[in-house]
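Before any comments, here is the structure.
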2 protein chains.
Amino acid sequence: MKKREEIEKKLGLNLCPIRTVLAQIGDKWSLLVILQLRAGGQRFSQLQRAIPDISQRMLTQTLRKLERDGLVSRKVTPSTPPRVDYAITALGQSLFEPIGAMAQWAIDKQPDILKARDQFDRQH
Amino acid sequence: MKKREEIEKKLGLNLCPIRTVLAQIGDKWSLLVILQLRAGGQRFSQLQRAIPDISQRMLTQTLRKLERDGLVSRKVTPSTPPRVDYAITALGQSLFEPIGAMAQWAIDKQPDILKARDQFDRQH
DNA sequence: CCGCATCCAAAAGGATACTG
DNA sequence: CAGTATCCTTTTGGATGCGG
């Protein structure tokens, strides 16, 4: 919420790094982009094709944010037409392990979650 | 996004369990509630006091979602005034490990991220 | 005490048109 | 090709009042 973030900014510290981080990669697209870049550096248009239902606007925005956080690098080749290549940085690489654990959990527990959901929905 | 979710619903499968899961715990409050419940089962009002800047509406909503997914249990004691106790289920417990890894990463890498951000902001 | 319903503001995100 | 700018819709969440 606003208040907490404002407090943090004023204090210059982070009351909850977990929240801060999950807020970054937990948004709609960051994770997908990172996982896509895991396959190797790629151009803007390649990413767009690889993630069909992302809008150009959101792809740009997401890449900027990841670049800002130092997770992704951006290399511009000013030719005509221009060419921009994105890649995962070392810092970004370090995310793969914890993300992998989360992903594995998601895959493993999905049946349980879906079952729980079904049961809950039938009772309500 | 809408289209993907609709497709998934029709197909009855999940094209991206990672997204689905992170969408759940990556929202504004779920993680905080889970971590708070880690300290032991608690009443609604206790949770509200423990997480001061959550609104009643959001706490209720978050708890419902977690209950629906089978991560949290809800026990009503119909006294006057009523009493409702929430606790983490076994399934919820299993989240602690991957969450812990993410949290550790967040804590470890936060300095790097903040440095990258600073540098980026100065250049733009 | 718990939580639902309503209303409203803010933020996120999609569609489209335009630029170097 | 790789964006930026604008407009508009959807989603999120806070505030408040009511009910069991």
Side-chain angles (χ1 to χ4, degrees), chain A residues 1-7 9 19-20 22-33 36-37 41-68 72-87 120 123-124, chain B residues 1-7 19-20 22-33 36-37 41-68 72-87 120 124:
Chain A
M1 86 147 25
K2 268 288 151 47
K3 279 172 196 164
R4 209 198 83 248
E5 283 169 11
E6 284 166 7
I7 292 169
K9 207 159 196 176
R19 271 278 299 282
T20 304
L22 283 190
Q24 295 298 327
I25 66 152
D27 73 358
K28 218 172 181 180
W29 303 112
S30 298
L31 193 56
L32 280 181
V33 171
Q36 179 57 33
L37 280 174
Q42 287 166 70
R43 303 183 57 175
F44 188 90
S45 46
Q46 286 179 279
L47 289 172
Q48 212 170 3
R49 275 192 298 277
I51 312 172
D53 51 6
I54 193 173
S55 65
Q56 198 179 33
R57 184 179 180 274
M58 282 300 106
L59 182 54
T60 302
Q61 209 171 97
T62 303
L63 286 167
R64 281 285 174 289
K65 202 177 58 182
L66 294 175
E67 189 197 354
R68 188 169 105 99
V72 159
S73 69
R74 177 172 182 267
K75 197 180 73 182
V76 182
T77 308
S79 53
T80 45
R83 172 194 180 103
V84 183
D85 287 280
Y86 294 92
F120 182 94
Q123 291 178 355
H124 301 79
Chain B
M1 85 148 23
K2 269 286 151 53
K3 279 172 197 165
R4 210 197 81 251
E5 285 169 11
E6 283 165 8
I7 294 170
R19 270 280 298 285
T20 304
L22 283 190
Q24 296 298 326
I25 67 154
D27 74 0
K28 218 173 181 179
W29 303 112
S30 297
L31 193 56
L32 281 181
V33 171
Q36 179 56 32
L37 281 175
Q42 287 165 72
R43 302 184 56 177
F44 188 90
S45 45
Q46 286 179 278
L47 289 172
Q48 212 171 3
R49 274 191 301 275
I51 311 171
D53 51 5
I54 194 174
S55 66
Q56 197 180 38
R57 184 178 181 275
M58 282 301 109
L59 183 53
T60 301
Q61 209 171 95
T62 303
L63 285 167
R64 280 288 174 287
K65 203 176 57 182
L66 294 175
E67 189 197 354
R68 189 170 104 100
V72 159
S73 68
R74 177 173 182 267
K75 197 180 72 183
V76 182
T77 309
S79 52
T80 46
R83 172 194 180 104
V84 183
D85 286 280
Y86 294 92
F120 183 93
H124 300 78

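Letters go in sequence order (proteins before strands), and every chain restarts at 1.
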Rounded distance (Å) that lies between atom [atom2] of [N] and atom [atom1] of [X]:
{"X": "Gln48(A)", "N": "dA2(D)", "atom1": "CD", "atom2": "C1'", "value": "9 Å"}
{"X": "Gln42(B)", "N": "dC2(C)", "atom1": "CD", "atom2": "C1'", "value": "16 Å"}
{"X": "Lys75(B)", "N": "dC2(C)", "atom1": "NZ", "atom2": "C1'", "value": "16 Å"}
{"X": "Leu47(A)", "N": "dG3(D)", "atom1": "CG", "atom2": "C1'", "value": "14 Å"}
{"X": "Ile51(B)", "N": "dG14(D)", "atom1": "CD1", "atom2": "P", "value": "12 Å"}
{"X": "Leu59(A)", "N": "dG3(D)", "atom1": "CG", "atom2": "P", "value": "8 Å"}
{"X": "Met58(B)", "N": "dG14(D)", "atom1": "CE", "atom2": "P", "value": "6 Å"}
{"X": "Ile54(A)", "N": "dA15(C)", "atom1": "CD1", "atom2": "C1'", "value": "15 Å"}

**Message:** Does Gln61(B) reach a base, just sugar-phosphate, or nothing at all? Heavy atoms under 4.0 Å.
**Reply:**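 Here Gln61(B) touches no strand at all.
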Can you tell me if the side-chain N/O atoms of [X] get under 4.0 Å from OP1 or OP2 in [N]?
{"X": "Arg64(B)", "N": "dC4(C)", "result": "yes"}
{"X": "Lys28(B)", "N": "dG14(D)", "result": "yes"}
{"X": "Arg74(B)", "N": "dG3(C)", "result": "yes"}
{"X": "Tyr86(B)", "N": "dG3(C)", "result": "yes"}
{"X": "Thr80(B)", "N": "dC1(C)", "result": "no"}
{"X": "Arg43(A)", "N": "dC1(D)", "result": "no"}
{"X": "Arg57(A)", "N": "dA17(C)", "result": "no"}

**Prompt:** Quick one: on DNA chain D, does Asp27(B) or Ser45(A) contact a more 5' nucleotide (nearest heavy atom)?
**Reply:**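 Checking each residue's closest nucleotide, the 5'-ward one belongs to Ser45(A).
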**Item:** Nucleotide nearest Thr60(A) (side chain, heavy atoms from C-beta), chosen from dT4(D), dG20(C), dC1(C)
**Value:**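 Closest nucleotide among those given: dT4(D).
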**Complete:** Of the listed dG3(C), dG3(D), dG13(D), the closest approach to the Phe44(B) side chain comes from dG3(C)
**Asked** Between Pro81(B) and Ser79(B), which heavy-atom pair has the shortest distance, and what is it?
**Response**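 Reported closest heavy-atom pair: O-OG, 2.9 Å.
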Check whether any side-chain heavy atom of [X] sits under 4.5 Å from a side-chain heavy atom of [Y], and report yes or no.
{"X": "Asp53(A)", "Y": "Trp29(A)", "answer": "yes"}
{"X": "Lys65(A)", "Y": "Arg68(A)", "answer": "no"}
{"X": "Leu37(A)", "Y": "Val72(A)", "answer": "yes"}

**Toward the 5' end of DNA chain C, by each residue's nearest nucleotide, Gln56(A) or Asp85(B)** =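 Result of the comparison: Asp85(B).
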**Message:** Nearest heavy atom decides the nucleotide; on that basis, is Pro81(A) or Arg49(B) closer to the 5' end of DNA chain C?
**Reply:** Arg49(B)
**Asked** Does any N or O in the side chain of Gln42(B) come within less than 3.5 Å of the main-chain N or O of Gln36(B), such that one atom is a donor and the other an acceptor?
**Response** yes
**Prompt:** Name the one of Val33(A), Leu47(A), Leu59(A), Leu66(A) that satisfies side-chain contact (heavy atoms from CB on, under 4.5 Å) with Tyr86(A)?
**Reply:**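 The option that passes is Leu47(A).
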